[in-house]
Asks: 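Following this message is one structure expressed as structure tokens.
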Amino acid sequence: MAKQFRKKELSREDDEDETAQNRKEKERGVKRQPTSPHEANDDDDGSESEQERLRDQREREQLDRNIRERDAAATRKLSEQKQAFTTRGSNIVGDVETLRKVSRQEYLKKREANKLKELGESIEDGEYLYKGVKLTEVEYNRLSYEKKIYELATKHEAATHHDHDHDQYYRIPEPYDDHEGGVNQEKRFSVALQRCWDDDLNGRDNKSNQFAEQKAWEDQQIGKATLKFGSKNKRRKCDEEYDFVFEDQIEFVKKSVLLEGDQMIANGNVDVGKVQPSHQLDKLREERKTLPIYTFRERLLQDVEKNQVLIIVGETGSGKTTQIPQYLHEAGYTKGGKKIGCTQPRRIAAMSVAARVSQEMGVKLGHAVGYSIRFEDCTSEKTVLKYMTDGMLLREFLVEPDLASYSVVMVDEAHERTLSTDVLLGLLKDIARYRPDLKLIISSATLDAEKFSDFFDSAKILRIPGRRYPVDIHYMEAPQADYLDAAIVAALQVHVTQPPGDILFFLTGQEEIETAEEIFKHRTRGLGTKISELIICPIYANLPTELQAKIFEPTPEGARKVVLATNIAETSLTIDGIKYVIDPGFSKMKSYNPRSGMESLQVTPISKASSMQRAGRAGRTGHGKCFRLYTSYNYDSDLDDTTVPEVQRTNLANVVLTLKSLGIHDLVNFEFMDPPPCEALLKALELLFALGALNKVGELTKVGRRMAEFPVDPMLSKMIVASDKYKCSDEVISIAAMLSTGSSIFYRPKDKQVHADTARLRFHSGNVGDHIALLKVYNAWKEANYSTQWCYENYIQVRSMKRARDIRDQLERLLERVEIKLSSSNDLEAIKKAVTSGFFPHCVRLQKNGSYRTIKHPHTAHIHPSSGIMALEHHLLPRCVLYHELVLTTKEYMRQVTEIKPEWLVEIAPHYYQLNGVVEEDYSNSKKMPRGKGRTSTSKQIPNLVDYSICV
DNA sequence: GAGCACTGC
């Protein structure tokens with residue numbers, strides 16, 4: 001049965017490909033024999049609508065070709081640029097820089113033009129003189145184009161009937177952690193549950209809401225029918241509404257409709273919205289039966305029973321995450337005290353899903369159903385369904401290497417391929433061999449299913465349809481050089497021509513978002529209240545929480561919200577009411593160069609998988625549209641299918657330490673789904689050896705075992721372990737916590753930069769270095785009784801501080817476990833020495849030109865301007881400093897820098913540094929030396945650490 | 001004298 005199902009799925013996909021190909025060949029005049037009955041039918045179908053469809057198709061393809069030829073040059077140029085992006089190499093930086101510079105210049109040029117515009121309020125018709133200032137033609141055109149927007153908008157507004165259900169889409173989450181007293185548990189899950197409740201229960205009482213949903217649902221069904229029978233009329237009408245008025249307008253071509261699995265809903269006897277039981281729990285139970293996955297229950301259980309590993313392809317809204325563990329529980333997989341574990345990549349997901357499931361089962365959260373995330377274990381001995389983050393399960397491996405207490409492990413959202421997921425998959429595959437009774441369920445997206453199946457020795461794939469609305473995808477007709485500008489024009493186009501519904505706009509980072517915000521404000525200013533209001537909402541992770549809440553505020557009637565978001569909106573947070581998505585096709589991605597040990601954030605083109613994800617954001621509450629700011633040709637030929645998994649572009653020191661402490665010595669043969677570069681593994685091993693976590697043959701040492709206990713980077717954990725010796729563990733864990741918050745501690749608003757800087761420099765008094773400054777910040781905050789007000793006064797991010805406190809508390813608890821006494825010391829030198837014990841590989845020496853050079857490998861770096869050391873006079877720059885991290889932005893910058901004495905290096909890491917290498921006086925004269933000679937002297941300083949062939 | 005995609009333990 002199940003086999004047939006899979007076959008059917010495959011053949012359906014094949015058919016689609018076949019027909020597309022068939023059509024193309026037909027056009028070239030090639031006759032083809034039909035290969036399947038379905039296809040033959042397709043060919044014989046001579047109905048009028050079918051012919052019309054084919055004609056349309058042909059016309060469109062002809063148009064495509066024309067466009068392609070016309071813009072061949074431009075396309076080639078862009079694809080060359082993109083090629084350079086995708087090539088993993090050194091030229092990547094230069095290209096990104098050039099592109100951004102061009103984009104910036106364009107923007108500045110346009111801002112200049114806008115300034116002229118600001119000289120007056122009104123737009124005079126047909127005059128090149130504007131408030132007495134002579135305008136150039138471009139300026140004049142710009143003005144008249146603003147006027148066109150204005151006119152169109154007025155017309156459009158008059159014609160548009162306001163959608164009164166509009167603000168039903170929005171729900172304001174209530175803060176739960178802003179109380180000084182702690183967390184309000186009641187409110188805590190309210191946001192997460194709200195959507196479920198609103199959609200599932202309360203929604204029924206709320207007629208208009210149900211109406212909206214019902215209507216959208218019907219629209220989808222109609223849309224499907226339209227698509228199926230080839231009639232284009234309805235869609236045509238839709239396209240005709242496009243009335244391009246922009247001088248630099250962007251033309252889009254509608255290419256495809258994202259419609260996944262919903263045909264199967266219609267066949268699957270799923271009846272939505274007819275259940276009206278009286279009791280709430282019954283209601284929930286009935287609700288469960290309406291989920292698409294319900295019809296697959298028996299099949300799923302059979303498959304799980306027969307196979308050890310099962311790959312589930314469940315689209316969004318299929319209910320897999322909440323239902324599968326329940327089905328397994330009902331089928332008796334939790335007998336004998338065994339647990340079912342389900343991992344999620346994000347904390348919030350683990351929490352909210354567990355809360356939902358506990359309600360469906362009518363049990364209290366933390367009893368039979370629980371969740372386990374960092375800083376919070378909400379489980380008990382009775383827990384049988386355990387939701388957790390993937391990193392948490394990884395930690396559990398350390399305690400229970402065979403996961404003996406689990407009967408089933410479900411890895412949800414595996415296609416996201418986070419670092420933890422990848423490691424987890426390797427480990428699970430490993431233990432599955434020794435535990436035939438352990439069942440594995442891997443949930444993935446469509447694109448990767450085969451790959452997961454291959455990885456788990458051709459595991460069976462079960463496909464479950466989702467419940468999602470169609471999304472029309474529009475591509476640009478011709479590539480644009482300045483994507484930011486193009487994106488803004490596109491957003492304005494949507495604003496003036498499309499029916500109500502909010503716009504989600506994907507940008508790469510904070511800077512770009514701020515620029516875009518500025519441009520938006522400029523462009524809409526002159527139009528005042530005449531076009532319907534455009535509310536700009538920036539959202540990125542570093543934005544203070546209270547400003548983030550703005551995106552959830554209801555949109556006033558008649559206005560439209562534009563959410564300018566980073567990747568955060570791709571997976572991590574969901575904004576209801578989004579109908580339009582604008583996707584420029586770029587994002588920032590972390591990449592790691594194992595040779596220099598440098599991590600950097602680069603603007604790179606996104607993958608097809610993530611562009612699908614972005615498009616899907618428009619189809620959550622109804623039929624949506626996605627505008628891609630690249631051509632369909634770019635999409636097909638330039639974008640990778642999937643994003644490079646994190647394991648291949650990150651520092652692996654922590655992963656290697658974890659694996660080693662799990663007793664996995666043979667790292668090269670450890671089964672990663674996508675093995676990381678060998679160099680990265682070697683680099684990690686080298687570092688761990690230098691830190692003393694591994695011995696010469698690559699085995700974990702006692703120090704290494706203690707280090708593995710701490711959930712922080714190996715260098716930080718080494719620093720903590722070393723603090724025992726210097727009797728300053730209290731201070732060092734504070735520093736470690738502050739360094740591992742991830743986000744910046746200091747807040748620097750644009751309008752108060754001077755104040756923020758002076759506030760920051762207060763913590764640097766006495767030129768103590770950034771590490772000690774962080775300690776001072778933490779201690780001062782502690783003395784201020786962890787006050788939020790104190791943070792505002794000192795321009796410090798409250799969120800980062802709270803996180804640092806959580807991490808610190810956890811580290812403090814762990815100290816006991818590795819038998820380190822909590823001891824406090826006022827001796828700054830001792831603290832710095834402890835820091836040096838962890839970070840000695842990150843030491844640099846001053847060169848004559850004011851930059852720094854790494855001692856071990858020749859590499860130039862600069863102190864980041866945010867460092868306290870930069871406040872010093874140039875001639876006072878310390879000779880030798882240690883840094884926490886190296887980041888590549890415009891230059892190679894060292895962040896969090898502290899002065900150290902070169903002698904410490906020899907004292908602390910004699911195996912790493914030799915005396916002559918560190919205290920050498922003519923260190924900055926390397927330029928005068930012949931290159932070969934210089935190299936010899938460098939290589940002399942590197943002792944032959946270890947024969948890696950043994951340990952890998 | 002410049003910048004911080006996003007998670008997670």
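A, B, ... follow the sequence lines: proteins, then strands. Residue 1 opens every chain. These numbers come from the heavy atoms of this one structure, side chains and all, not from hydrogens, waters or symmetry mates.
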Asks: Kindly state each residue pair satisfying salt bridge (Lys or Arg N to Asp or Glu O under 4.0 Å) with at least one member in residues 642-659 of chain A, sequence neighbours excluded.
Replies: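 Every candidate salt bridge (Lys or Arg N to Asp or Glu O under 4.0 Å) pair involving residues 642-659 of chain A fails, so no pair, neighbours aside, qualifies.
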
Asks: Counting any heavy atom closer than 4.0 Å, what does A:Arg346 reach on the DNA or RNA strands: base, sugar-phosphate only, or nothing?
Replies: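 Counting heavy atoms under 4.0 Å across all strands, the contact made by A:Arg346 is with sugar-phosphate only.
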
Asks: Across the strands shown, which category fits A:Ser420 at heavy-atom distances under 4.0 angstrom: base, sugar-phosphate, nothing?
Replies: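 Nothing, no heavy atom under 4.0 Å.
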
Asks: Taking any atom under 4.0 angstrom from a heavy atom of chain A, which nucleotides of DNA chain B are the first and last to qualify, 5' to 3'?
Replies: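 Taking any atom under 4.0 Å from a heavy atom of chain A, the span is B:dG1 to B:dC9.
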
Asks: Taking the nucleotide of DNA chain B with the closest heavy atom to each, which residue, A:Ser740 or A:Tyr540, is nearer the 5' end?
Replies: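 Comparing both residues, the 5'-ward one is A:Tyr540.
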
Asks: Considering heavy-atom distances to DNA chain B, does A:Met870 or A:Met589 have its closest nucleotide positioned more toward the 5' end?
Replies: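 Nearer the 5' end of the strand: A:Met870.
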
Asks: Residues two or more places apart in sequence or in another chain: which of them pass side-chain contact (heavy atoms from CB on, under 4.5 Å) with A:Glu892?
Replies: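 Here the qualifying residues are A:Met598, A:His859, A:Leu888.
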
Asks: Using the ring pair (Phe, Tyr, Trp, His ring centres under 6.0 Å) criterion, which residues pair with A:Phe672? Sequence neighbours excluded.
Replies: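 For A:Phe672 the ring pair (Phe, Tyr, Trp, His ring centres under 6.0 Å) partners, ignoring immediate neighbours, are A:Phe670.
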
Asks: For A:Asn794 and A:Ile796, indicate whether the former's side chain and the latter's backbone hold a donor-acceptor pair under 3.5 Å.
Replies: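 No; zero donor-acceptor contacts below 3.5 Å.
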
Asks: Applying side-chain contact (heavy atoms from CB on, under 4.5 Å), name anything that partners A:Asp674, two or more places apart in sequence or on another chain.
Replies: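 Applying side-chain contact (heavy atoms from CB on, under 4.5 Å) to A:Asp674 gives A:Arg417, A:Lys451, A:Pro645, A:Gln648.
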
Asks: Tell me what A:Thr389 touches on the nucleic acid: a base, only sugar-phosphate, or nothing, going by heavy atoms under 4.0 Å.
Replies: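 It contacts sugar-phosphate atoms only.
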
Asks: With a non-hydrogen cut-off below 4.0 angstrom, is A:Phe710 in contact with a base, only sugar-phosphate, or nothing?
Replies: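 Nothing: the residue A:Phe710, judged by heavy atoms under 4.0 Å, touches no strand.
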
Asks: Mind checking ring pair (Phe, Tyr, Trp, His ring centres under 6.0 Å) for A:Tyr592 and listing every partner two or more places apart, or none if nothing turns up?
Replies: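 For A:Tyr592 there are no ring pair (Phe, Tyr, Trp, His ring centres under 6.0 Å) partners, ignoring immediate neighbours.
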
